[in-house]
There are 2 protein chains.
Amino acid sequence: MKLSTKGEYGLRAIIDIAENSKNGEYVSISDISTRQKISDRYLEKIIAKLKKSGLVKSSRGVNGGYILGKDPKCINMFDILSVLEDNIDVTECMDIHVFEKCNNHYTCKARKLWVKINEAVENVLKNTTLLDMIKQEIKKGEEIE
Amino acid sequence: MKLSTKGEYGLRAIIDIAENSKNGEYVSISDISTRQKISDRYLEKIIAKLKKSGLVKSSRGVNGGYILGKDPKCINMFDILSVLEDNIDVTECMDIHVFEKCNNHYTCKARKLWVKINEAVENVLKNTTLLDMIKQEIKKGEEIE
DNA sequence: CTATTTCATACTGATTTAGTAGGAATTATA
DNA sequence: TATAATTCCTACTAAATCAGTATGAAATAG
């Protein structure tokens, strides 16, 4: 049930971009790499996926790097992780075509659980935006000031 | 984010045992294997884990096999899968010791999401019993009869 | 022109997965 | 008591996946 480092590092990377391009500045891989302590070569490959999907935009050359492709409140965790992870489902048979070809599909009672898990995870992912991830927590009492 | 075949096959196996030992009969690996279309040699290894944890009990020799170790309404999916899967958490850093040793742990905002996913999954697993899995669905209207 | 950056493709060592193999120990039954 | 059916135990292995490296081309600001 473990996430790959692509998902793990990729989310940290896009959070880093969101937080460090506030004035419209592009955030370079080498900056992300040193802040997040992740190999820059590996980050390149991971961020390429984010780029391809449009979640981030890039600029080449000096002072180049990456900025968000959309407003952080319009990017949710499902968008991000489904781009980064090869498959986000807990089992292959979540794909209806795989399920129908499964030689046990009409007696399988286990699948009920996989469906429930999948729904629970998707619910979290789709209801958490990138903005939710980067905004400061309001500590108890602070809202009175 | 995918489950291993140990978790997948293991749950199918214990469901199979629950359904086929109704009269106190032991269910053999070869029977489970043919019904579930899973290699018997591999099943042996998987069911050994269930045995070791006490979720199933065994009897050797002729007419031997496995029966549940507890009432199916007292076995939940968390019990089963945490025995079958090596780690059920989405990231290593769900383990607090790993988290504290992480060189980014005091700036990491990504972890909030991993915690939410973990809670959502555990919630499903702990609130679904083996009895829930094997009981027949009551179809709409049927409860009136 | 040059330094800095992304972009594209290919390669690789280590680890994990999904089993297989061989045989010992136990037990019901004929 | 012999035999067939079963679990139990340990070791092995081929293939896939993971996590990362390596090389260098293309673009761009100054």
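Side chains are part of it too, since the values below use all heavy atoms of this structure and drop only hydrogens, waters and symmetry mates. Order of the sequence lines fixes the chain letters, A, B, ..., with proteins taken first and strands second; residue numbering starts at 1 for each chain.
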Exercise for review: Look at B:Y9 and C:dA18 and indicate whether a side-chain polar atom (N or O) is within less than 4.0 Å of OP1 or OP2.
Suggested key: no
Practice item. Would you mind reading off the distance between B:K6 atom NZ and C:dT17 atom C1', rounded to a whole angstrom? Key: 7 Å
Check your understanding: Are side-chain heavy atoms of B:D89 and B:D95 found at a separation under 4.5 Å?
Key -> no
Check your understanding: When the distance from NZ of A:K2 to P of C:dT15 is rounded to whole Å, what number comes out?
Key -> 13 Å
Exercise for review: Please list all pairs passing the salt bridge (Lys or Arg N to Asp or Glu O under 4.0 Å) test where one or both residues lie in residues 43-70 of chain A, with sequence neighbours left out.
Suggested key: A:K49-A:D86
Check your understanding: Which pairs pass side-chain hydrogen bond (donor to acceptor under 3.5 Å, both in side chains) with one or both residues in residues 10-20 of chain B, sequence neighbours excluded?
Key -> A:K109-B:E19, B:R12-B:Q36, B:D16-B:N20, B:D16-B:R35, B:D16-B:Q36
Review point. In whole angstrom, what separates A:L50's CG from C:dT6's P?
Key: 13 Å
Exercise for review: Could you tell me whether the side chain of B:S53 and the main chain of B:L50 form a donor-acceptor pair under 3.5 Å?
Suggested key: yes
Study note, to complete from the structure: Protein-proximity profile, nucleotides 4-14 of chain D, B/S/- by nucleotide at the 4.0 Å heavy-atom cutoff, equals BBBBBB-----
Review point. Whole Å only: how far is the CD atom of B:E8 from the P atom of C:dT17?
Key: 14 Å
Review point. Reckon B:S39 has a side-chain N or O less than 4.0 Å from the OP1 or OP2 of C:dG19?
Key: no
Exercise for review: Take the protein atom CG of A:D31 and the nucleotide atom C1' of C:dT6, then report the distance between them rounded to whole Å.
Suggested key: 14 Å
**Study point:** Value in whole Å for how far the P atom of C:dT17 lies from NZ of B:K49
**Key:** 10 Å
Review point. Is there a donor-acceptor pair closer than 3.5 Å between any side-chain N or O of A:N123 and the backbone N or O of A:E119?
Key: no
Exercise for review: Round to a whole Å and report the spacing from CD of B:E92 to P of C:dT15.
Suggested key: 14 Å
**Study point:** Position toward the 5' end of DNA chain C (nearest nucleotide), B:D40 or B:D86
**Key:** B:D86
Check your understanding: Roughly how many Å is it from OH in B:Y26 to C1' in C:dA28, rounded to a whole number?
Key -> 13 Å
Check your understanding: Taking everything shown except B:K73 itself, do over 12 heavy atoms lie less than 6.0 Å from its NZ?
Key -> no
Check your understanding: Nearest heavy-atom pair of A:N87 and A:E92: which atoms, and what distance?
Key -> ND2-OE2, 4.3 Å
